[in-house]
Asks: 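Below is the structure I would like to discuss, written out as structure tokens.
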Amino acid sequence: MAKALQNLSDALAATVDATSPAVVRVEARRRLPASGIVWSADGTIVTAHHVARRDENIGVGLPGGETVPATLIGRDPSTDLAVLRAEAEGLTPAAWAESDDLRVGHLVLALGRPGQRVQATLGIVSALGKKWRTPAGGKLDRYLQTDVVMYPGFSGGPLVDASGQVLGLNTSALLRGISLAVPSATVGQVVEALLAHGRVRRGYLGIGIQPVRLPVSLAQEIGQETGLLLVQVRDGSPAEQGGLLLGDTIIALDGEAIAHHDALLALLSGDRVGALVSARILRAGKVQELEVIIGERKS
């Protein structure tokens, strides 16, 4: 037993040693610095949005001890991610996990560099789920919860599996009191969007909505019990330009049923910005089809 524990202890220490060159310190707020992950050797760093309070005068502490200036490339508050460009080259990028064989109970390490040296804490994957939308509206490829202790300054650092692969970026800001990680697939999508556009594009209709029950006869006909009642249509919005009116009930968009708020948000993805789509609505008891050009939500 003692030998097995020693082997496990040595393996965990080796994992920290192997991953630590990809973990940096992020100095972008008044209080304790936070952590970041090297995305590419040219100085691209991904960190948590909530720890990058400043847009200017940002510093990045490198594994070798040097602190270099960095600029903000872009941020996505809805997924709590931000991308920086540090004035450094030849950095060691993190090895991001691509497999999907993670299970509840697997051992994980959370790494951070709020000071000069890497720190680590051990835990397990405590909950896994399918695609999940954050309270701020961001879409994560999976819900990934751990029981690791998020010490001050650990947000923005990597969650690492037993083989040293980075499973995601640790954050304490998405749900109060819960340690979550933004999964690697989501991190990749957001980083590429921020590098390309400086923002994550999201669709926009310019409406206020609330769920309502559909008339029984219509619900039976279309196999859908609820729709979204328009309680606000903003002046000059894509919805107004497309002919949507206050009091209309949206039941489908672009051929997809809309029964709740999350379904609508899922369809207002960045790739639909500028697209002409059909909106199926209920108006004065009759089903109608309108065409709407999806706009882009401003940050």
Asks: From L175 CG over to W132 CH2, what is the distance, rounded to the nearest 0.5 angstrom?
Replies: 4.0 Å

Asks: Say whether, by atom type as modelled, one donor and one acceptor occur between the side chain of T134 and the main chain of S78 under 3.5 angstrom.
Replies: yes

Asks: Looking only at atom types and distance, does a side-chain atom of T226 sit under 3.5 Å from a main-chain N or O of A259, one as donor and one as acceptor?
Replies: yes

Asks: Would V149 and F154 count as a side chain to side chain contact (heavy atoms under 4.5 Å, CB included) if you check the C-alpha gap in whole Å, the side-chain angles of each, and the deciding distance to 0.1 Å?
Replies: CA-CA 9 Å; V149 178; F154 267 53; over 6 Å; no

Asks: Closest heavy-atom contact between M150 and S179?
Replies: CG-OG, 3.2 Å

Asks: The test is side chain to side chain contact (heavy atoms under 4.5 Å, CB included); show your working for Q189 and T79 and say whether it passes.
Replies: CA-CA 11 Å; Q189 294 161 14; T79 55; over 6 Å; no

Asks: To check you understand the geometry: which heavy-atom pair defines the closest contact between W96 and S184, and what is its length?
Replies: CE3-CB, 3.6 Å

Asks: For Y151, I'd like to know if atom OH has over 12 heavy atoms of other residues, nucleotides or ligands within 6.0 Å.
Replies: no

Asks: Considering all heavy atoms of both residues, which atom of A88 and which atom of L62 are nearest to each other, and what is their separation?
Replies: CB-CD1, 4.0 Å

Asks: Is the count of non-hydrogen atoms from other residues, nucleotides or ligands lying under 6.0 Å from Q241 atom CD greater than 12?
Replies: yes

Asks: Please check if atom CZ in R29 has more than 12 non-hydrogen atoms from other residues, nucleotides or ligands closer than 6.0 Å.
Replies: yes

Asks: If only atom types and distance count, is the side chain of S9 paired as donor or acceptor with the main-chain N or O of L5 below 3.5 Å?
Replies: no

Asks: Between the side chains of T44 and R85, does any donor sit under 3.5 Å from an acceptor?
Replies: yes

Asks: With a 3.5 Å distance limit and no angle check, can you tell me whether S126 reaches the backbone of Q145 through a side-chain donor-acceptor pair?
Replies: yes

Asks: Could you tell me the separation between the CG atom of L84 and the OG1 atom of T71, rounded to the nearest 0.5 Å?
Replies: 7.5 Å

Asks: For S35, is there any backbone N or O sitting under 3.5 Å from a side-chain donor or acceptor partner on T47?
Replies: yes

Asks: At what distance, to the nearest 0.5 angstrom, does CD1 of I281 lie from CD1 of I251?
Replies: 8.5 Å

Asks: Counting N and O atoms only, with roles assigned by atom type, does the side chain of D147 sit under 3.5 Å from a partner on the main chain of I124, one being a donor and the other an acceptor?
Replies: yes

Asks: Do you know the tightest heavy-atom contact between L167 and V160?
Replies: CD1-C, 4.3 Å

Asks: Can you check whether T186's main-chain N or O pairs, donor with acceptor, with D141's side chain at less than 3.5 Å?
Replies: yes

Asks: Charged N to carboxylate O under 4.0 angstrom, K131 versus D262?
Replies: no

Asks: Does R176 use its side chain to pair, donor to acceptor, with the backbone of A173 at less than 3.5 Å?
Replies: no

Asks: Walk me through whether D55 and R75 qualify under side chain to side chain contact (heavy atoms under 4.5 Å, CB included).
Replies: CA-CA 10 Å; D55 290 346; R75 59 172 78 239; 2.9 Å; yes

Asks: Any chance you could measure L245, atom CG, to Q288, atom CD, to the nearest 0.5 Å?
Replies: 9.0 Å

Asks: Give a yes or no answer on whether the side chain of Q210 reaches the backbone of V231 with a donor-acceptor pair at less than 3.5 Å.
Replies: no

Asks: Given the rule in the salt bridge (charged side-chain N to carboxylate O under 4.0 Å, His left out) test, do R234 and E240 qualify, once you have shown the distances and angles that lead to the verdict?
Replies: CA-CA 7 Å; R234 295 180 177 87; E240 183 187 59; over 6 Å; no

Asks: Can a donor-acceptor pair be found, under 3.5 Å and without considering hydrogens, that links the side chain of Q224 to the backbone of I258?
Replies: yes

Asks: Is it the case that over 12 heavy atoms from other parts of the model lie below 6.0 angstrom from the CZ atom of R54?
Replies: yes

Asks: Quick one: closest heavy-atom pair of A82 and L72, and the distance?
Replies: CB-CD1, 4.3 Å

Asks: Using a 6.0 Å cut-off, check whether atom CD of E89 has over 12 heavy atoms from anything other than its own residue.
Replies: no

Asks: Please name the pair of heavy atoms, one in S20 and one in R113, separated by the smallest distance, quoted to 0.1 Å.
Replies: O-NH2, 2.9 Å

Asks: Report the distance from atom CG of L244 to atom OG1 of T249, rounding to the nearest 0.5 Å.
Replies: 11.0 Å

Asks: As an exercise, state the distance from CZ of R283 to CG of L290, rounded to the nearest 0.5 Å.
Replies: 5.5 Å

